[in-house]
Amino acid sequence: MVKVPQLRQSLLDWYTAAGRTLPWRKTQDPYAIWISEVMLQQTQVKTVIPYYERWLDWFPAIAPLAAADQQQVLKAWQGLGYYARARNLHRAAQLITAQHNGIFPTDLAVVTTLPGIGRTTAGGILSAAFNQAVPILDGNVKRVLARLIALPVPPHKALNVLWQHSTQLLDPQRPRDFNQALMDLGATICTPKNPSCGSCPWQMHCQAYNLNKQSEIPMTESRTATPHKSIGVAVIWNEHGQILIDRRRQEGLLGGLWEFPGAK
Ligand code: SF4
């Protein structure tokens with residue numbers, strides 16, 4: 001890609017002036033950053049903030065999280081959805097305790113073996129906590145890069161191309177700031193609808209903007225319809241006033257949580 005130095009510098013200048021102040025940016029503790037990255041995987045920033053702060057009150061480090069009962073962990077997660085994330089955090093904390101002396105690993109290949117940590121989450125943690133030059137490719141970044149290069153196919157069909165661009169653009173001198181700037185650009189300027197191209201530091205280099213195709217890119221494919229299911233639930237109690245509840249299997253939707261017995 002041409003103009004890499006200009007793209008880096010203009011993004012970093014914009015970030016210095018307009019980057020977001022977020023609680024997990026005030027720390028370089030890999031544990032706290034890891035928690036924020038996992039919470040942010042499928043949840044918006046404003047929802048995550050109170051959960052993040054409460055989680056760190058309950059489980060301030062890897063050791064107390066590893067030692068906690070799973071029900072406590074799921075309780076702390078209650079309301080955030082996608083509970084597999086909480087179960088994976090818990091299991092990963094136990095693995096770090098057992099295999100890495102309770103210290104968050106710093107090697108990308110090792111970090112991506114931990115449950116619930118894929119390549120982009122690992123990049124987010126390692127760049128933010130250790131200033132390592134490891135790229136990221138979350139939903140925001142895919143959208144920004146797809147527009148920057150006017151990607152002619154949906155992002156999921158060109159992940160290798162997008163990873164290459166994220167890697168090539170990443171500023172090796174300031175990887176922490178660069179990755180956070182890229183996320184902020186996607187979250188606040190290069191938004192899914194009506195991007196604020198007039199305020200964008202990459203406007204003059206952006207191919208989608210130059211082709212006036214920013215509302216068509218990233219391209220999408222029609223989604224399969226959301227399935228609808230009817231579920232019958234029974235509330236059953238005995239003469240002692242005890243109510244029958246059932247625990248869901250660990251795997252799958254809402255795994256490990258309690259519910260009234262029922263069936264689809
Ligand atoms: S110019 Fe517009 S479409 Fe292009 S990266 Fe900036 S905000 Fe996104």
Side-chain angles (χ1 to χ4, degrees), residues 1-22 24-25 36-37 40-49 118-128 131-223:
M1 188 188 294
V2 292
K3 300 175 185 140
V4 168
Q6 295 98 310
L7 287 165
R8 283 179 186 156
Q9 195 56 50
S10 56
L11 183 64
L12 287 167
D13 289 348
W14 170 82
Y15 178 67
T16 302
R20 294 175 295 178
T21 303
L22 298 170
W24 41 90
R25 291 190 180 163
S36 73
E37 286 285 336
L40 289 164
Q41 281 170 356
Q42 274 125 336
T43 312
Q44 291 190 337
V45 165
K46 68 176 189 304
T47 307
V48 163
I49 290 174
R119 189 172 166 191
T120 196
T121 301
I125 299 167
L126 293 175
S127 59
N131 207 23
Q132 281 189 31
V134 185
I136 55 169
L137 192 64
D138 68 1
N140 282 327
V141 176
K142 284 180 196 164
R143 182 174 59 257
V144 174
L145 297 181
R147 286 173 171 162
L148 182 67
I149 62 171
L151 188 70
V153 293
H156 73 92
K157 292 196 168 164
L159 290 178
N160 283 344
V161 173
L162 294 173
W163 273 114
Q164 277 169 16
H165 280 85
S166 187
T167 306
Q168 202 179 351
L169 280 168
L170 178 60
D171 188 330
Q173 307 303 320
R174 295 177 60 189
R176 173 188 292 126
D177 289 344
F178 184 89
N179 278 346
Q180 293 181 353
L182 198 49
M183 285 189 274
D184 280 11
L185 188 68
T188 65
I189 300 287
C190 194
T191 48
K193 288 188 181 155
N194 304 320
S196 306
C197 301
S199 310
C200 178
W202 283 358
Q203 188 195 67
M204 66 183 282
H205 305 292
C206 176
Q207 295 186 34
Y209 176 79
N210 287 321
L211 297 166
N212 197 24
K213 285 191 167 181
Q214 57 273 47
S215 57
E216 293 160 43
I217 298 175
M219 299 181 82
T220 53
E221 279 175 332
S222 53
R223 297 189 167 202

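Small disclaimer: the values here were computed from a predicted structure and weren't measured. All ligand and atom numbering here is 1-based and tracks the order in the structure.
- Shown here is Y15, whose OH atom has more than 12 heavy atoms of other residues, nucleotides or ligands within 6.0 Å.
- Coordination check, C200 versus atom 6 (Fe) of ligand 1: passed, since an N/O/S atom of the residue sits under 2.8 Å.
- When side chains are defined from C-beta on, L159 counts as touching L137, because their heavy atoms get closer than 4.5 Å.
- Counting heavy atoms closer than 4.0 Å to ligand 1, residue A208 contributes nothing at all.
- The closest protein non-hydrogen atom to atom 4 (Fe) of ligand 1 is C206 SG, 2.3 Å.
- Looking at D13 and P201, their side chains never come closer than 4.5 Å, going by heavy atoms from C-beta outward.
- Of the candidates C190, A150, A146, G186, C190 brings a heavy atom nearest to atom 5 (S) of ligand 1.
- The minimum heavy-atom distance between R176 and N131, with the atom names listed, is N-OD1, 2.9 Å.
- At a cut-off of 2.8 Å, C197 coordinates atom 2 (Fe) of ligand 1 through an N, O or S atom.
- Within ligand 1, counting atoms from 1 as listed, the ones closer than 4.0 Å to a heavy atom of Q214 are 3 (S).
- Paired with Q214 under the rule side-chain contact (heavy atoms from CB on, under 4.5 Å), one option of L211, N210, N212 passes, and it is N212.
- Closest non-hydrogen pair, V153 versus M219, comes out as N-SD, 3.8 Å.
- Listed by atom number, the atoms of ligand 1 under 4.0 Å from Q203 heavy atoms are 1 (S).
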